[in-house]
Each structure stands twice: as structure tokens, then as C-alpha cells.
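Read the structure below first, then the notes.
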Amino acid sequence: MIDSFRGEYYFLSNFYEAPVLYDGITYQNNEAAFQAQKTLDMEKRKEFASLSPNLAKRAGRRVLLRTDWEQVKYTVMYEVCRAKFTQNPALGQQLLATGDEELIEGNNWGDRIWGQVNGKGQNHLGKILMRVRDELRSTGKE
């Protein structure tokens, strides 16, 4: 089990700096790509392109939230993660190298939706990464 996306597994974190092209815009990291999708305003989305993960997360709290966000956020996260690991082949290889380990985004900042705190939480990010890993494996990207 990999229960933290820090240290040698930091590449699994959305805060890891790796370019990702999503919906026509290249972002410097997954956090920026994800946070940008909270708005439907393409000009506002472009403002996220060069933001660091911390600044993107902060900016994502200030945008006018699209009305369907709760319905689409898990799909958006999946698509952004898939883009990260398919567009950056070395990262895709690192993800595949985790084998069949359970991936848990363990954290101490209280996120029980995308990760887990003290073993409790929904771990949506970990589940999405395991899905992407399975897809990479099945499409022969090994």
C-alpha cells in the first residue's frame, strides 16, 4: 500500500509540476488544470495556466463556481489525471511501476473526499489513479 503522495511518490500528487494539456490549455500542474475547470469562463481558465499548485488552489476558491461542478468534478479529475500520465510518458511508467499497490492520498489537512485522514475517507484521487494505472496497463503503455 502507498498511503502518501510525498517523498518518492510525490509524482502522484496533483501538486507535482508536470505540464498537462487539457481542453486546449497547457497547465503547469494538475492542480491548476483541475481548479481552472471550476469556471466555464475560458479567459479565467487561461489565468490558471502558469500558476503554482498553491496559487491555483487558492484561486479556485475565488472563481464563480460553475453550476454543474458537483456533477462533473470527479470526471474532470479523472480526465486531468489521465492527461498527466499519458502526456508525460516517464510519469506513466512510474505509475505503472507501483504495480498493484493500493494508492491512498493520505493527508493531514483534512481532505476526506479526495484522500484519507488517519485511514478514513473516500480517497477519490487514489481510486482515479488506480483506474488510470489499470488503463495504461491494458492499453499496452508498459
Side-chain angles (χ1 to χ4, degrees), residues 1-63 65-66 68-142:
M1 174 190 328
I2 295 168
D3 62 0
S4 170
F5 299 167
R6 291 183 283 285
E8 72 176 295
Y9 298 110
Y10 185 58
F11 73 94
L12 296 169
S13 170
N14 281 340
F15 276 50
Y16 185 84
E17 294 285 345
V20 60
L21 173 65
Y22 186 79
D23 200 20
I25 301 171
T26 300
Y27 301 92
Q28 298 309 303
N29 55 75
N30 267 25
E31 189 66 24
F34 177 75
Q35 295 294 335
Q37 305 320 302
K38 289 182 173 182
T39 180
L40 293 174
D41 181 331
M42 289 304 284
E43 291 308 309
K44 290 242 183 280
R45 284 183 181 180
K46 289 176 185 173
E47 294 173 11
F48 282 83
S50 61
L51 293 182
S52 69
N54 287 335
L55 292 177
K57 188 169 189 171
R58 199 171 308 145
R61 292 186 183 119
R62 294 192 306 265
V63 298
L65 198 62
R66 58 193 280 183
D68 65 346
W69 183 244
E70 288 303 313
Q71 290 76 45
V72 302
K73 67 183 180 183
Y74 299 111
T75 300
V76 168
M77 182 65 83
Y78 161 74
E79 292 172 352
V80 167
C81 287
R82 182 156 175 67
K84 172 182 175 179
F85 290 100
T86 58
Q87 294 172 19
N88 297 281
L91 293 181
Q93 290 299 315
Q94 284 182 270
L95 178 59
L96 285 168
T98 63
D100 292 321
E101 293 287 340
E102 183 177 10
L103 304 178
I104 298 174
E105 205 260 339
N107 67 82
N108 58 7
W109 52 88
D111 185 348
R112 289 183 170 89
I113 302 296
W114 296 108
Q116 290 186 352
V117 179
N118 298 323
K120 292 182 173 54
Q122 297 177 43
N123 191 40
H124 283 286
L125 180 57
K127 291 173 185 173
I128 285 169
L129 292 174
M130 289 184 283
R131 176 181 170 193
V132 169
R133 179 180 65 194
D134 289 344
E135 290 172 1
L136 287 175
R137 192 178 292 135
S138 70
T139 57
K141 301 259 187 212
E142 296 183 63

*Heavy-atom donor-acceptor pair, Asn30 side chain to Ser13 backbone, under 3.5 Å*: no

*Heavy-atom count around Asp68 CG within 6.0 Å, excluding the residue itself: above 12?*
yes

*Is a salt bridge present between Lys46 and Glu43, judged by a nitrogen-to-oxygen distance below 4.0 Å?*
yes

*Is there a donor-acceptor contact under 3.5 Å from the side chain of Asn107 to the main chain of Gly110?*
yes

*Could you tell me which non-hydrogen atom of Phe15 sits nearest to which non-hydrogen atom of Tyr10, and how far apart they are?*
O-OH, 3.2 Å

*CZ/Phe11 to CG/Leu95 distance, rounded to the nearest 0.5 angstrom?*
6.0 Å

_Please give me the minimum heavy-atom distance between Ala56 and Ala32, naming the atom from each residue._
CB-CA, 3.5 Å

*Check whether any side-chain heavy atom of Arg133 lies under 4.5 Å from a side-chain heavy atom of Leu103, and answer yes or no.*
yes

*asked:* Quick check: closest heavy atoms across Lys84 and Tyr16, and the distance to 0.1 Å?
replied: NZ-CB, 4.0 Å

*asked:* Does the plane of the ring in Tyr74 sit parallel, tilted or perpendicular to the ring in Trp114? Use 30° and 60° as the thresholds.
replied: tilted

*Donor-acceptor contact below 3.5 Å, side chain Arg66 vs main chain Asp41*: no

*Measure the OG1-CD distance between Thr39 and Gln37 for me, rounded to the nearest 0.5 Å.*
9.0 Å

*Heavy-atom pair with the smallest gap, counting every atom of Ala33 and Val80*: CB-CG1, 3.9 Å

_Beyond-backbone contact of Met42 with Asp23, side-chain heavy atoms, under 4.5 angstrom_ = yes

*Could you tell me whether the side chain of Gln28 reaches within less than 4.5 Å of the side chain of Leu51, counting heavy atoms only?*
no

_Reported CG-to-CG distance for the pair Leu91 and Leu12, which is rounded to 0.5 angstrom_ = 9.0 Å

_Closest heavy-atom pair and its distance - Tyr27, Tyr22_ = CE1-O, 3.8 Å

*Using distance alone, with no hydrogens and no angle criterion, decide if Glu101 and Tyr9 have a side-chain donor and acceptor under 3.5 Å apart.*
no

*Could you give the distance from CG (Asn14) to CD (Gln35), rounded to the nearest 0.5 Å?*
9.0 Å

*asked:* Between Glu105 and Ile128, is the side-chain contact (heavy atoms from CB on, under 4.5 Å) condition met? List the steps.
replied: CA-CA 11 Å; Glu105 205 260 339; Ile128 285 169; over 6 Å; no

_Would you compute the distance between atom CZ of Arg45 and atom CD1 of Ile25 and round it to the nearest 0.5 angstrom?_
6.5 Å

*Is there a side-chain contact between Arg82 and Glu135 (heavy atoms, below 4.5 Å)?*
yes

_Any side-chain donor near an acceptor of the partner, Arg112 and Gln122, under 3.5 Å_ = no

*Over all atoms of both residues, closest heavy-atom pair of Leu21 and Ala83*: O-CB, 4.0 Å

*Taking NZ, NE, NH1 and NH2 as the nitrogens, is one of them in Asp134 or Arg131 under 4.0 Å from a carboxylate oxygen of the other?*
no

_Neighbour count >12 (heavy atoms, 6.0 Å) for atom NZ, Lys127_ = yes

_Working to the nearest 0.5 angstrom, can you tell me the gap between Leu136 CG and Gln93 CD?_
8.5 Å

